[in-house]
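First listed ligand is number 1; within each ligand, the first listed atom is number 1.
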Amino acid sequence: LCTLTLHLPDEAATESLARQLAPLVSGGQTGPAGACIHLQGDLGAGKTAFTRALLRECGVTGRIKSPSYALLESYKVFNLYFYHLDFYRFSDSREWLDAGFRDLLREDAVVLIEWPERAEGLLPPPDLLISLAYADDGRDATLTAYTARGQTWLNAIVP
Ligand code: ADP
Ligand code: MG
């Protein structure tokens with residue numbers, strides 16, 4: 001697995017990473033059919049902030065809420081669907097199956113998942129895992145590619 005670690009000194013740096021990934025994830029040869037990013041990190045690490053910035057850059061307008069209560073927020077930009085999921089409140093991975101989300105999700109959508117480890121074993125590997133950790137006043141982001149497409153994205157990122 002290929003990884004890249006970046007220091008993100010402030011939220012603007014997090015937004016800049018999202019801005020770089022947005023066109024890769026949502027268009028061209030490397031997306032969008034089934035593109036998936038998993039986001040890990042403690043509460044407040046910036047998973048939602050990153051996702052919000054990415055969705056904005058992809059053309060989502062209006063309010064972008066954290067899905068921590070609803071579990072799922074969906075967006076549509078022209079013919080492209082985006083799903084933002086948060087499994088923080090899952091106590092049991094079976095809830096993912098019970099919730100019936102799998103049938104609800106389109107396979108050609110761009111999917112962003114916070115707390116994927118709470119649905120361990122039920123999710124396919126993502127194209128890219130972004131792990132965010134507190135580092136001084138900013139964050140360290142470790143990006144790991146699990147697919148050839150994710151690897152292509154990693155190669156395109158300018159630190
Ligand atoms: P999570 O979804 O991981 O629980 P949020 O995105 O809700 O976290 O909150 C992240 C918080 O950290 C926000 O207050 C945001 O302004 C801030 N933040 C985001 N990225 C950075 C960064 N690189 N450095 C410092 N603060 C950041
Ligand atoms: Mg969040």
So which heavy atom on Glu11 is nearest to which on Ala49, and how close? OE2-CB, 3.6 Å
Backbone or side chain, does Thr48 get an N/O/S atom under 2.8 Å to the Mg ion (ligand 2)? yes
Taking atom CG of Leu54 and atom CG of Leu17, what is their separation to the nearest 0.5 Å? 9.0 Å
Which protein heavy atom lies closest to atom 15 (C) of ligand 1, and at what distance to 0.1 Å? Glu11 OE1, 3.3 Å
Are Ile64 and Val77 grouped together when hydrophobic residues (ILVMFWY) are joined by side-chain heavy atoms under 4.5 angstrom apart? yes
Check whether any heavy atom of Ala13 sits under 4.0 Å from an atom of ligand 1. no
Just to be sure I read this right, does ligand 1 sit under 4.0 Å from the backbone of Asp42, its side chain, both, or neither, counting only heavy atoms? backbone
Below 4.5 Å, heavy atoms only, C-beta onward: do Trp115 and Leu43 meet side chain to side chain? yes
CG of Leu112 to OH of Tyr83: how many Å apart, nearest 0.5 Å? 12.5 Å
Mark yes or no for whether Arg139, through its side chain, and Ala45, through its backbone, hold a donor-acceptor pair below 3.5 Å. yes
Nearest non-hydrogen protein atom to atom 26 (N) of ligand 1, with distance, is Arg139 NH2, 3.5 Å
Does Leu43 reach ligand 1 with a nitrogen or oxygen that is under 3.5 Å from one of the ligand's nitrogen or oxygen atoms? no
Side chain or backbone, does Gly138 bring an N or O within less than 3.5 Å of an N or O on ligand 1? no
Enumerate the atoms of ligand 1 whose separation from the nearest heavy atom of Lys47 is less than 4.0 angstrom. 1 (P), 2 (O), 3 (O), 4 (O), 6 (O), 8 (O)
I'd like to know if the side chain of Asp86 reaches the main chain of Tyr88, judged simply by a donor and an acceptor atom lying under 3.5 Å from each other, with no hydrogens or angles considered. yes
Spell out, as yes or no, whether a donor-acceptor pair under 3.5 Å connects the side chain of Arg52 to the backbone of Arg56. no
Atom 20 (N) of ligand 1: nearest protein contact (heavy atom, Å): Thr14 OG1, 2.9 Å
Counting only non-hydrogen atoms of the protein, does one fall under 4.0 Å from atom 13 (C) of ligand 1? no
Cluster question for you: counting only ILVMFWY and a side-chain heavy-atom cut-off of under 4.5 Å, with indirect links fine, are Leu24 and Phe78 together? yes
Glu114: its N/O/S atom lying closest to the Mg ion (ligand 2) (atom name): OE1
Per-atom contacts of ligand 1 with Ala49, taking only distances under 4.0 Å to non-hydrogen atoms: 6 (O)
Nearest neighbour in protein (non-hydrogen) for atom 7 (O) of ligand 1: Thr48 CB, 3.8 Å
Heavy-atom distances under 4.0 Å are what count here, so tell me which part of Leu8 touches ligand 1: side chain, backbone, both or neither. both
Of Gly44, Ser66, Ser68, Ala18, the one whose closest heavy atom lies nearest atom 10 (C) of ligand 1 is Gly44
Heavy atom of Thr51 under 4.0 Å from ligand 1? no
Using distance alone, with no hydrogens and no angle criterion, decide if His38 and Glu114 have a side-chain donor and acceptor under 3.5 Å apart. no
Residues Ile113 and Cys36: closest non-hydrogen pair is CD1-SG, 4.3 Å
Looking at Glu114, which atoms of ligand 1 are within less than 4.0 Å of one of its heavy atoms? 2 (O)
Heavy-atom contact check, 4.0 Å cutoff: does Asp137 meet ligand 1? yes
